[in-house]
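Step one of this worksheet: look at the structure below.
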Amino acid sequence: MSAQDSELMEFGGKFIKALHHMIHTVRIHQENNQLMKECIAQFGNVLAKMAGAEELEILLWRGRFFLQGEKLLYRRETFPLINEMMEYFPQRGLRGLRFLPTFRKASFRDFIIFARLLDEAAVQEDPPSWLERQLADNGLQWLEILREMDDVPPDIELRRKETAKQTYLHALVAVKEVAQKVSQRSVAGIRKARRLAQTMVDLVLEDETLLLGLSTIRDYDDYTYTHSVNVALLSMSLGRRIGLSQVFLEQLAICGMFHDLGKVEVPKDIITKPDMLNTGEWEHIRRHPLIGVHRVLRLHASRDMRSRVVLGPFGHHLNYDLSGYPRLHFTDTLTLFVRILRIADTYDALTADRAYRPRSFSPDEALRMMWENVGTEFDPILLKTFINMMGLYPVGTVLKLDNGELGLVVDYSSESKRTRPQVLLLVNDGQGSLRGSKVLNLADRDEKTGSYERQIVKCLHPSVLGIQPSKFFLEKAS
Amino acid sequence: MATVRETQPKASSPGTADEEWQAAENVLTSLQLARKNYSLYPEDHINCTRAIERFWQQLETFLQAHGNLRFELEKDRLIFQGGAILTEPAEDGNLPFTLFRDGIQWLEFQHGIEAKEIEGFLRILNNYRVLSDEPEGDLVTALWEAGLPHIQHHVADFFWEAEPKADFTEPPAKRDINSVLSDEKEQEPSESGAVASIDPTTLELTPEEEAELQEMVRVEEKRDPTVDYLSVLLDSLLELREKENFDPILESLEEEFHDSLARRDFEVTLKILKSLQHVRHICESETTWAIPIFDNFFLTASSSQSLRPLQTAWLEMDTGQIEKIKEILLVLQPEAIHTLGAMLLQTPSLRLQQMLTEVIFSLASRDLQPLEAMLDRPEEDLVQKLVQVVGNLGGERPIQILSKMVRHSSARVRQAAVKGLLRQGPASIEKLFHLIEDEDDSVRRMILHHMGQERNEASETFLLKYLEEGKIKGSDDKHIIACFRILGRCGSPRSIPFLRRTLLGRGWMRDLRNSAYRQGAALALKAMRIKGAQQVLEDASRSLKPGVRRIARKVMQDQGHQSKE
């Protein structure tokens, strides 16, 4: 990004702030109010400065604002405000706004009308259509509503996907490095892990769905490390959902990445044993949280960092009702981090292909099983939030549809009701593999009958088909 | 459709470019100075604050005039507008290398920057001037964490350049794809999906749950993780059975102990000690190899070095904190007495002295040796206080110590030792009688007072012999008379012959002390309050010697007055 573009970004933050301020001020003040006049003038100035002689387009896409096609870099201090605007736009069915060059002729009153219409659109039946009509009726020709993302900025999406993939792979390496060092009783710093955790936090704030897609990754050669990174991603996503700050999300990610440090030393034949474990083998498993504590204490990290990270290994097999293991003598409550990790760890473990289970559980089955243990194993509020976040058919689930098609869940079109996902149709490529086809929205209804165009018949675990769902997330759709 | 905005580089005249360059140089110069001062002085030192202020001003001047200030990084230089504006060797501590080392490709200061961001930035630069092996973080992680809104940077992913390209493995398919695709259509799906059996309405958070969730987050972000951390460490201690796993946990607890003392979080300090006591107690039956390790922990915790934070902060404590400190001290090993003794000397507060003395007493009851070792200290005040503690302890060893301390060079120490010994009971007079001639008057008086409290054969014997031999040091008539008085109080008819001889005898004492002896004898007889002694006094009142007569009559007169009263 050039210096000029960074200046644009700086004003972009000001623009969002000015728009937010204007909307709120118009909502509560009369037209002749001095404050109203000031904020309208400010908005107009910022708009003029940014647009120059051209039109100005602001777009909301995949949880991020884009200004003139460039991703807006958020300053942390404006994040709550940005978050609010990211809710404001979808509530009005808006993907963006385009200010045409003629906005310079707009009057003070025009801006007031514009702000009021934006606000009132939320309660209309078809907000974007209503808004378009109102803008036309009120002569606000300098403003266009952007309803749909007709063309996804392909380079932006690809860049993000590549960053996400590389971040994931590097996180695996980082976890493995640390695990091996502590296992050999060497000093292990966590600089790389922290860098990656911070990148993951930035990614989850931009595109939660992509990170959830990555959390479906399975390594069929070595479960432990992908599991650790997946738990980190799932935990961070849940943490973001409940409103943890970025600094705490980073700590949660580190907790997740190292929560199974103690398992590295459990003999592989115990972990992969298909039959019931004997007493000695079970004891090995039960000890791994404590060994994990020991390993975390050996990390070359500040006391503050260790004091948080150690909770992950220790508590991730403790249930909400304090049953589970290890045995407790002094601990009488579970921290929020531990309760989050418990959910993330269980979900990923249930959906993984494990030697001791005859079959893997599909993501939706895993959620159902967890729901049956709400209040005993899992914090009820957190589990509800987790299931709402994942949707009844989490990203990465393979669905068999009533017409025989297979669809891979890739997203949900509406935040409020995550029961009817968007699926990427999987078709036979004629060489014994599957490839992605088009994306269907299972929430679409037949115009005439009103019933859903497709019905879900069955859920399948991706391993049944021999696929890594993440491959489809990370590739360009054909 | 969104388009990327095309921008043109800022056009500038040569004059403007020079000014801009100069302004950028000024900013860098002031930054370097600020860095240097920051590393040399505390943050609130005037040299530091001035340098930061100056840097900020220079930066503000630039930003106002020329917009955002961006530098590109190479390992030995900062680049501004394509030219090297600062060149330094690629070494630890130098600005370009420090930034480049952690992968920063460019750094930009933006309009609106505040002074506290500058301070934060300098702090980070200072903290990560040099990177250790296997560090926890670096400049980049610190900048991210600090979230400085007007200092932007871009980072290269240099960590991974040497890593071989990896990719994800594919699972083996468990079923043939064609067979999956050719499965017949299943039965009736439900409205939301055949297999979704979680009722979505049960997943909606109620307003109370929303509020509870927000509170959870608020509490978590404000919470001090110390208590949870301690619980984890303690639980781990109890469940782990190998020494190699035990040691790092105990080391961490030791670190927490020291930290809590240093930050005056005595609640935590006490929790650690009491919990470890409890764990030790459990280990006595289950993990006996751990006992010496625990004991060593407590020994270290009781050392002067460990308790140093208390020594420096002790005088500023409030009542609540003092009570907590007392509880902490009572859990420690007797070795802590070394530190407590020093604290005893420091504090003028009687209340605090009292508290410390109580603690020392309790610790010394478990093991007297540390206290005993301190009795050789030159500080008289301290030794006196410690001897007082010994005096309150029972048992053979304290008596031995006190017996030794009655010969101490300091009168105050001797007094304390005497008091202590006298508390042990009447048999002690044997060890103490020599002090009847102590150079300190108060010591002498203590001994005499003790002897004179009741009729006592031993005391009578010692005094009789002392007076009969007549080898009293000095010529202190008062002392002689006092001895006779006490003889009268503790004596029996056994002493009457001596007293008679002393009062009525002729030429028995050839020197000027005749009078003191006669007076003393008369007073002794009076104090005895027995018939035989009264008779001697009456005889003396009729003596031919006027001196004897006078002494006896005076004593009897006083006696009469006292009877009337």
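Throughout, a chain's letter reflects where its sequence line sits, starting with A, and its residues are numbered from 1. Side chains included, hydrogens not; waters and symmetry mates left out as well; all remaining heavy atoms used. Quick caveat: nothing in here was measured; it's all calculated off a predicted structure.
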For [X] and [Y], which heavy atoms make the closest approach, and how far apart are they?
X        : Y        : value
B:Trp144 : A:Gln246 : CH2-O, 3.3 Å
A:Phe330 : B:Ser231 : O-OG, 3.8 Å
B:Glu204 : A:Lys384 : O-NZ, 3.6 Å
B:Glu145 : A:Val247 : O-CG2, 3.9 Å
A:Gly243 : B:Glu221 : O-OE2, 4.3 Å

Flag side-chain contact, heavy atom, 4.5 Å: [X] against [Y]:
X        : Y        : answer
A:Leu392 : B:Ile198 : yes
B:Thr202 : A:Trp371 : yes
B:Glu244 : A:Arg185 : yes
B:Glu256 : A:Ser307 : no
A:Val293 : B:Val232 : yes
B:Thr226 : A:Arg303 : yes
B:Met216 : A:Ile381 : yes
B:Leu233 : A:Leu297 : yes

Side chain, backbone, both or neither: which part of [X] has a non-hydrogen atom closer than 4.5 Å to chain B?
X        : answer
A:Leu334 : neither
A:Leu196 : side chain
A:Asp379 : side chain
A:Arg298 : side chain
A:Leu244 : both

salt_bridge([X], [Y]) N-O dist < 4.0 Å:
X        : Y        : value
A:Arg286 : B:Glu239 : no
B:Asp138 : A:Arg195 : yes
A:Arg191 : B:Glu134 : no
A:Arg308 : B:Glu220 : yes

Count the heavy-atom pairs under 4.5 Å between each of [options] and chain A, then report the option with the highest count.
options                                : result
B:Ser236, B:Pro248, B:Gly137           : B:Pro248
B:Val279, B:Asp259, B:Leu205           : B:Leu205
B:Pro135, B:Pro225, B:Ser275           : B:Pro135
B:Glu255, B:Glu210, B:Arg218, B:His154 : B:Glu255

Under 3.5 Å donor-acceptor, [X] side chain and [Y] backbone:
X        : Y        : value
B:Asp235 : A:Leu328 : no
A:Gln198 : B:Thr141 : yes
A:Asn388 : B:Leu203 : yes

With side chain to side chain contact (heavy atoms under 4.5 Å, CB included) as the test, would you mind laying out the steps for A:Thr385 and B:Leu213 before giving the verdict? CA-CA 10 Å; A:Thr385 309; B:Leu213 188 55; 3.9 Å; yes

Of all of [options], which one pairs up most often with chain B through heavy atoms under 4.5 Å apart?
options                                : answer
A:Arg306, A:Glu250, A:His300           : A:His300
A:Ser302, A:Pro326, A:Ser362           : A:Ser302
A:Arg295, A:Arg287, A:Met305           : A:Arg287
A:Arg339, A:Lys181, A:Glu365, A:Glu372 : A:Lys181

Proximity breakdown for [X] and chain A, heavy-atom pairs closer than 4.5 Å:
X        : result
B:Val155 : side chain
B:Leu131 : side chain
B:Asp247 : neither

Say you draw a straight line from NE2 of A:His294 to CD of B:Glu242; how long is it, rounded to the nearest 0.5 Å?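 That separation rounds to 9.5 Å.
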
Can A:Ile291 and B:Asn245 be said to form a side chain to side chain contact (heavy atoms under 4.5 Å, CB included), step by step? CA-CA 8 Å; A:Ile291 302 298; B:Asn245 294 325; 3.8 Å; yes

